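Values below: every heavy atom of this structure, side chains too, minus hydrogens, waters and symmetry copies. Remember, predicted model here, so these are calculated numbers, not experimental data. Every chain is numbered from 1, with letters handed out A, B, ... down the list of sequences.
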Protein chains: 2
Amino acid sequence: MKNRITELRAERGWTQAELAQRVSVSRQTINAIETGKFDPSLPVAFRLARVFALRIEEVFVDDQ
Amino acid sequence: MKNRITELRAERGWTQAELAQRVSVSRQTINAIETGKFDPSLPVAFRLARVFALRIEEVFVDDQ
DNA sequence: TCCCGATGTCAAGCGTGCTTTACATGGATC
DNA sequence: GATCCATGTAAAGCACGCTTGACATCGGGA
């Protein structure tokens, strides 16, 4: 499961810490998701899509 | 996080076991998701949306 | 050069997601 | 009543998601 979070965050000029605050997780969690350590839970994925004003499928790419 | 899996599955005439097979999880996992025991992981959510030919937001409803 | 903000990473700890095995219940059919 | 299928549930075990706290590195600006 890939994601476009680093790119989408950069477009908006947000730091990892800022994004973390917007979706109510720790900075380390955002970093781990961006660097592919693990996939977020479904609720966190929804919150991420929401702060980017995108659909989940536009943020996360299922590579089967 | 609510979901419409029981309803969508019934529309298609699938049993929990059939759906489980289609998304490659155990029957107990489908049952637990339907009965609200826990939310699926993001990859399983993608597979569920895919077998229903719907977007994730049409299968899962984030109740903030 | 010195500092500082941003990012990467590690460790310990805890709750969740998912598995297998197993058993209980209810409805339909015989 | 006996059988069968679908569903619900439980326990044990393992891996993952997320936390806090801490430390390392890197680039930019004073």
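- The pair B:E18-B:R9 fails the salt-bridge criterion, with no side-chain N (NZ, NE, NH1 or NH2) lying under 4.0 Å from an Asp/Glu carboxylate O.
- Sequence neighbours left out, the pairs with a member in residues 49-62 of chain B that pass side-chain hydrogen bond (donor to acceptor under 3.5 Å, both in side chains) are A:R50-B:D62, A:D62-B:R50.
- Atom CG in A:N3 sits 8.5 Å away from atom CG in A:L8 (nearest 0.5 Å).
- B:L54 and B:I5 fall within a single hydrophobic cluster, where Ile, Leu, Val, Met, Phe, Trp and Tyr side chains are chained together by heavy-atom contacts under 4.5 Å.
- Among all heavy-atom pairs drawn from A:F52 and A:W14, the shortest one is CE2-CZ3, 3.7 Å.
- When each of B:E11, B:E34, B:Q16 is paired with B:T6, the side chain to side chain donor-acceptor pair (under 3.5 Å) condition holds for B:E34 and for no other.
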Result block: side-chain N/O donor-acceptor pairs under 3.5 angstrom for residues 38-45 of chain B, not counting sequence neighbours:
| from | atom 1 | to | atom 2 | distance (Å) |
| --- | --- | --- | --- | --- |
| B:S41 | OG | B:V44 | N | 3.4 |

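- With axes fitted over five pairs at each extremity, the angle between the ends of the helix from C:dT1-D:dA30 to C:dC30-D:dG1 is 30° (10° resolution).
- Between B:A49 and B:V59 the shortest heavy-atom distance is CA-CG2, 4.0 Å.
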In residues 19-27 of chain A, what donor-acceptor pairs under 3.5 Å come from side-chain atoms, sequence neighbours left out?
| from | atom 1 | to | atom 2 | distance (Å) |
| --- | --- | --- | --- | --- |
| A:S26 | OG | A:T29 | N | 3.2 |
| A:S26 | OG | A:T29 | OG1 | 3.0 |

task = Would you mind building the protein contact string for nucleotides 7-19 of chain C? One character per nucleotide, 5' to 3', B for base within reach (heavy atoms under 4.0 Å), S for sugar-phosphate only, - for untouched.
result = BBBB------SSB
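- In the 5' to 3' direction, nucleotides of DNA chain D lying under 4.0 Å from heavy atoms of chain B begin and end at D:dA6 to D:dA10.
- The distance from atom CZ of B:F46 to atom CE of A:M1, rounded to the nearest 0.5 Å, is 4.5 Å.
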